[in-house]
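Notes follow once the structure below has been shown.
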Amino acid sequence: MIPLLEFDALRVTLPGPRGTRRTVIHRVDLALAPGSAVGLVGESGSGKSLTARSVLGLLPPGARVDGDVRFDGASVPAMRPPELRALRRGGAAMVFQDPRAHINPLRTVGDFLTEALVSVRGLTRAAADARATALLDEVHVADAARRLRQRPAELSGGLLQRVMIAAALAAEPRLLLADEPTTALDVTTQAEVMAVIDEARRRHGLTLLFITHDLALAAAVCDRAAVLYAGTLAEELPAHRLATGATHPYTRALLAARPDPTVPGAKLRAIEGRPLPADEAGPGCPFAPRCARATGTCRTERPEPRPSGDGRAACHHPVPLEGSAP
Amino acid sequence: MTAHYLLRRALGLLATLLAASLAIYGGLFLAPGDPATLLVGGGKPPNPALLAEIHRQYHLDDPFLTRYWHWLTGMLHGDAGTSLAHHDSVAHLIGSRIGTTALLIAYASTLILLVGTALGTLAGLRGGRTATAVTAATGTLMAVPTFVSAVLLIWLFAVRLGWLPAYGTGDGLADRLRHLTLPALALAASWLAYVAQVTRSAVHTEQGSEHVQTARGRGIPERLVIRRHVLRNASGPILSVAGVSVAGLIAGSSVIEQTFGLNGVGALLVQSAARQDLAVVQALALLTVTAFALVNTAVDVATAALDHRTPIGGARP
Amino acid sequence: MKPLLEVEQLVKHYGAHTAVDGVDLRLMPGQALAVVGESGSGKTTTARLVTGLETSDAGRITLGGAPPPGPRARRAERLAHARRVQLVFQDPYTSLDPRQKIGDAVAEVLALHGPLRGAALEARRDELLTRVGLDARQAGSRPRALSGGQRQRAAIARALAVEPDLLVLDEAVAALDVSVQAQIVDLLARIREQRPIAYLFITHDLGIVPFLCEDVVVMRGGRIVESGRSRDVLTAPRDPYTRALVDSVPRPGWKPARQPARQPARQPERKAVTP
Amino acid sequence: MTTLRLAAAVRGPGRTGPRGRPVPLLAGAVVALVVLAAALAPLIAPHDPNAVDPLAVSLPPGAAHWLGTDDTGRDIASRLLYGARPSLLAPLAVTLAAGTIGTALAVSAAWLGGWWDRLVTAALDLVFGFPGLVLAVVGAALFGAGLPVAVATLTIAYLPYVARVVRGSALRERHLPYVAALRMLGLGGARACLRHLLPNLAPLVLVQTATAFGYTLLDTAAFSFIGLGAQPPTAEWGLMVAQGAPGLLAGRPEQALAAGGAIVLFTVACGLLGTALSQRLAGDRT
């Protein structure tokens with residue numbers, strides 16, 4: 001099956017001081033089958049947000065893309081403005097971490113939801129209003145008619161994020177990009193917003209790329225999980241195998257740093273050092289300085305992604321799984 | 001926009017004006033010597049009979065607050081006393097000159113609002129070389145003081161090119177406007193540059209804001225993005241700075257009227273100050289401060305109406 | 001043994017809003033207690049009241065036998081209070097003076113509180129920095145040159161310089177990356193093994209609580225809705241809100257669910273700022 | 001937000017120049033050159049600035065008089081050099097006084113709060129209600145024309161420009177956790193304020209006063225121009241523009257243009273230098 005979205009050795013550099021270039025994504029290879037949900041997990045500086053933004057061509061000015069990002073077989077970096085507009089209008093929609101910054105604060109929620117319906121899809125005002133109400137109902141916003149008349153400042157973060165999701169659904173996209181959509185929310189609100197996203201995805205058969213720093217959250221709502229470290233795809237595997245089937249030492253370390261709190265006797269294990277920003281990564285494996293399994297090779301040679309366990313890992317010395325040969 | 005907010009602003013305005021009038025009137029008694037000597041003006045040797053007459057006329061022997069109240073109520077009734085230098089009532093002096101000043105300020109305001117915002121919007125939307133050019137030009141223009149612009153304009157347009165008159169007021173509206181063109185340009189120049197810079201930066205900020213990117217990302221047509229999101233959201237800061245600059249013109253008009261020999265209240269203020277003609281200076285200072293405060297309040301109210309998020313009403317940091 | 005901290009019927013209003021509404025707390029010397037809640041639960045206000053950064057409207061706080069000193073307290077009272085309780089903030093970027101080298105920040109506190117001067121003071125300063133996992137050579141660094149985790153370590157070192165009986169940790173790991181969070185929790189746990197110190201760990205993150213604190217109270221709308229041993233509260237919550245909270249923590253096998261039956265929080269909906 | 005807007009409103013925002021090193025360097029050179037010329041005026045001026053020569057009235061620029069002479073035969077170049085002294089010193093005095101007093105008022109108001117804060121804020125708001133030039137004109141009417149009165153009244157007029165911004169910033173800074181942390185650690189209020197808070201405000205105060213300098217220079221010159229500031233026969237740039245204005249119509253624009261050009265050149269250079277400074281300090285903080 002042709003993937004709906006495919007990152008092919010994606011590499012992104014940004015202009016640095018005095019004509020230099022900083023590499024913010026070193027290498028990401030990832031394919032999303034139509035209707036699948038993939039969690040892209042990473043800490044700060046891992047390049048996870050930029051990876052998502054590259055899908056819509058929303059990279060910062062001066063960004064240079066090597067490798068390729070293909071949406072439904074078409075190369076996004078090669079798209080001309082009209083094609084890019086078409087992609088953003090109907091192909092892929094994005095939900096951001098901070099909905100407040102992404103909705104015009106001076107206009108009403110109704111304006112925000114209907115604007116694209118009227119000006120892009122050519123609906124009448126009344127039809128657009130009805131559609132907006134239906135969309136708010138769909139994301140379980142109660143009292144939709146009143147909400148449409150309110151301004152963003154009058155809504156809580158959780159409600160506003162649902163408005164954002166409704167706006168994304170209004171475009172009837174095939175791909176939904178969700179960039180840390182619940183990070184700024186309380187945990188109970190997070191669970192509800194994630195449930196709304198999950199429900200909408202199943203109902204509309206959307207493909208989902210879910211960006212998060214939370215492995216457990218990614219595992220809960222995605223089919224596959226991809227772990228990024230310092231702009232490099234470290235590991236990719238089925239989400240349900242995350243807890244037991246990870247072979248990359250970094251994935252293991254992340255899991256050990258956030259053990260299941262309900263398991264009696266669970267111990268939290270920390271690894272030293274700080275997450276390396278992509279632009280500080282040297283020639284070797286970026287995780288090598290923090291890795292207990294690192295050898296001389298790791299420090300000089302960047303590992304290529306290769307099959308490991310049930311997925312792929314970019315590691316010279318993957319952790320052998322219990323019951324399999326070392 | 002609630003009635004409560006408007007009421008609060010009105011009360012604030014009233015309090016400011018009251019305090020300002022108290023300061024203006026009280027200043028007279030901060031100066032060394034007998035205030036009556038000052039009121040005679042011109043630094044002439046005081047004549048005891050005249051001094052006594054002034055003491056009586058200005059109630060200078062009453063308690064301070066009584067005197068102040070007398071003065072203030074007089075002002076409110078249009079009785080601002082008598083100019084001893086001009087031997088005329090202050091109200092008449094001001095009344096015969098205020099038309100010129102009002103026309104000059106209106107002319108300059110129009111220039112600022114139209115040209116300044118247009119220039120700034122263009123630079124903000126275009127970016128690149130247009131923005132650099134506008135920024136450099138306005139940056140320089142802002143460093144040119146009003147009186148130097150006046151001198152340069154006179155030299156260039158009146159002396160070298162002979163296109164426009166340098167002095168005088170003219171008769172009839174068209175001729176008056178022709179005579180006021182150079183003064184208005186000189187008065188408007190640095191404020192126009194300032195408004196253009198603020199407009200450019202406000203438009204630029206909105207252009208880069210995430211909600212505008214989202215609107216573009218959703219495929220909203222560009223003209224709608226610019227009208228509904230960029231310009232609409234940038235209008236708050238533009239409006240407030242435009243208002244401040246109009247208020248600033250009120251002060252700048254003194255210098256311009258002096259330079260171009262215009263017979264307005266600005267020139268009257270400067271001449272009266274030089275002659276220490278206190279009655280006129282007090283009246284004009286109060287008039288200026290009132291106009292300044294009115295414009296500022298109007299702008300704040302308008303800004304609040306445009307942007308429901310900013311409760312500017314007395315919102316001090 | 002006498003409790004280190006006793007809080008009785010604590011109340012704090014901000015205008016018409018009641019942030020803390022009758023909170024009782026009891027903390028023994030060396031005990032680690034977590035205060036868990038979502039935004040608007042009153043957990044941070046409780047911390048600020050206990051540390052004396054704000055004054056309560058009603059109720060009683062006794063810390064090491066004395067109430068927190070008021071804003072006009074004398075120097076000796078202030079210093080004594082400082083040795084009873086210290087606070088580590090959420091944001092390591094703003095809780096250190098940006099112009100002060102971190103070594104100087106620690107040294108300033110040491111000089112203020114103790115007799116140490118000169119080389120002895122420097123030795124103690126370096127010892128404190130090493131204890132929190134910093135390199136003594138980093139004493140000359142300004143906060144700007146350090147990562148978030150390192151700054152948080154410096155803030156902890158500065159707080160430890162006065163050897164407080166109680167350390168209030170106000171969302172002290174919330175702003176950090178997952179792998180760095182674990183380091184700081186680990187560091188805090190080890191500090192408590194080395195010397196008796198009590199923690200009041202303010203957090204929104206129930207999932208991290210059992211790794212640092214044996215006891216927990218859950219707050220909502222300014223009140224405590226449940227308290228108990230951390231493991232028990234996590235595995236068998238009694239209060240419905242605590243259950244909703246526990247059920248919202250992502251973990252293996254967890255699925256997000258909407259909870260339509262849940263009561264709305266007491267926290268008021270955001271009001272528009274209309275002039 | 002409001003403070004920033006109002007601060008800018010007094011006269012204008014910082015000017016942004018093209019990127020790159022050469023611009024601030026050039027601006028710095030201009031400023032240094034003008035300051036040096038003012039300091040060394042007696043050594044480098046070719047003539048006595050006030051020496052009247054009835055035989056050399058309104059001369060065009062030439063070898064003896066680089067910029068010609070004015071209508072009483074005084075050497076314009078020498079007057080321009082000497083004129084730099086009051087033209088720079090008066091605004092410098094205003095800026096230093098307004099900066100110092102304004103900062104003291106602002107920081108004490110923000111730190112102490114309560115009635116003192118309300119009083120300072122109300123007083124600053126009141127002063128802000130008077131356009132600076134009008135305040136100075138009233139001052140001249142009461143106390144007589146002259147540079148000292150202009151300096152005093154402009155100082156008062158510029159107090160809000162410094163103090164409002166600094167107070168806003170001091171309030172924000174005061175509520176940052178590091179100040180609370182210092183208090184918790186047992187530091188006294190005075191020490192926390194003077195040793196920690198104030199140094200963190202210093203860059204802002206510096207930028208704000210540096211920007212104010214440009215505006216006060218324009219205002220004092222304007223004040224002398226309308227005859228209420230520096231009095232004849234003092235050589236001062238604003239006054240020189242006024243004295244040279246009749247020459248414009250008589251075909252001798254040198255004096256007005258030279259003095260006006262000096263004002264513009266110096267202000268632009270100061271502005272560019274101030275912008276470079278503020279960018280550098282802003283970069284330092286994060």
Side-chain angles (χ1 to χ4, degrees), chain B residues 16 19-20 23-24 27-28 30-32 38 132 135-136 139-140 142-148 151-152 154-155 158-159 166 190 193-194 197-198 201 237 240-241 244 247-248 250-252 254-255 258-259 269-270 272-274 276-278 281-282 285 288-289 292-293 296 310 312 315-317, chain D residues 1-3 5-6 8-9 11-13 15-18 121-122 125-126 129-135 137-145 164 167-169 171-172 214 218-219 221-222 225-228 238 241-242 244-245 248-249 251 253 256-257 259-261 263-264 267-268 270-272:
Chain B
T16 307
I24 289 169
L28 184 58
L30 284 178
L38 278 175
T132 312
T135 310
T140 312
M142 275 173 58
V144 183
T146 312
F147 65 95
V148 174
V151 163
L152 288 175
I154 291 175
W155 183 61
V159 178
S190 71
Y194 179 36
Q197 286 208 344
V198 172
S201 124
S240 55
V241 75
V244 168
I250 299 170
S254 322
V255 178
Q258 184 83 342
T259 317
L269 176 65
V270 174
S272 304
Q276 301 204 306
D277 191 350
L278 260 287
V281 171
Q282 284 179 334
T288 311
V289 171
F292 197 71
N296 277 334
T310 41
I312 292 188
R316 302 295 174 216
Chain D
M1 174 70 204
T2 316
T3 32
R5 174 170 72 77
L6 289 171
R11 210 58 189 293
R15 301 161 187 89
T16 38
T121 310
D125 284 352
L126 181 63
F130 288 81
L133 218 55
V134 171
L135 202 66
V137 170
V138 173
L142 290 173
F143 300 97
R164 289 171 77 134
R167 177 181 167 276
S169 202
L171 263 186
R172 261 194 309 285
L218 299 186
D219 278 355
F225 174 82
I226 57 175
L228 298 176
V241 177
L248 288 176
L249 299 178
L257 294 186
I263 295 170
V264 174
T267 318
V268 170
C270 276
L272 290 173

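In what follows, chains carry the letters A, B, and so on, assigned in the order in which the sequence lines appear, proteins first and then strands, with residues in each chain numbered from 1.
In terms of non-hydrogen atom pairs under 4.5 Å with chain B, the most contact-rich of D/I263, D/V264, D/V134 is D/V264. Of the listed residues (D/A259, D/P253, D/G144, D/S169), the greatest number of heavy-atom pairs within a distance under 4.5 Å of chain B belongs to D/P253. Ranked by heavy-atom pairs under 4.5 Å with chain B, the list D/L133, D/V137, D/V138 is led by D/V137. Counting heavy-atom pairs closer than 4.5 Å to chain B, the top-ranked of the candidates D/A245, D/G238, D/A221 is D/A221. Of all the listed residues (B/N296, B/L152, B/V151, B/T16), the one sharing the greatest number of non-hydrogen pairs under 4.5 Å with chain D is B/V151. The residue among D/G227, D/G129, D/A140 with the most heavy atom pairs within less than 4.5 Å of chain B is D/G129.
Every residue two or more places apart in sequence or in another chain that forms a side chain to side chain contact (heavy atoms under 4.5 Å, CB included) with B/S272 is listed here: B/L268, B/D277, B/V280, B/V281. Residues satisfying the ring pair (Phe, Tyr, Trp, His ring centres under 6.0 Å) criterion with B/F147, sequence neighbours excluded, are D/F225.
Of all the heavy atoms in D/V241 and D/G260, the pair that sits closest is CG2-N, 3.6 Å. Considering all non-hydrogen atoms of both residues, D/R167 and D/T121 come closest at NE-OG1, 3.5 Å.
Atom OG1 in B/T146 sits 8.0 Å away from atom CG in D/L218 (nearest 0.5 Å). One finds the CD atom of B/Q282 at 7.5 Å from the CG atom of D/L142 (value rounded to the nearest 0.5 Å).
When heavy atoms are compared at a cutoff of 4.5 Å, D/L126 approaches chain B solely by way of its side chain, counted from C-beta outward. Contacts between B/V159 and chain D at a heavy-atom distance below 4.5 Å involve the side chain alone, from C-beta outward. Neither the backbone nor the side chain of B/A293 has a heavy atom closer than 4.5 Å to any heavy atom of chain D. Using a 4.5 Å cut-off between heavy atoms, D/A145 makes no contact with chain B at all. Heavy atoms closer than 4.5 Å to chain B are found nowhere in D/L135, neither backbone nor side chain.
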D/D125 and D/R164: CA distance, side-chain angles, deciding distance, side chain to side chain contact (heavy atoms under 4.5 Å, CB included) verdict: CA-CA 9 Å; D/D125 284 352; D/R164 289 171 77 134; 3.0 Å; yes
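Looking at heavy atoms from C-beta onward, D/I226 lies out of side-chain contact with B/T259 at the 4.5 angstrom threshold.
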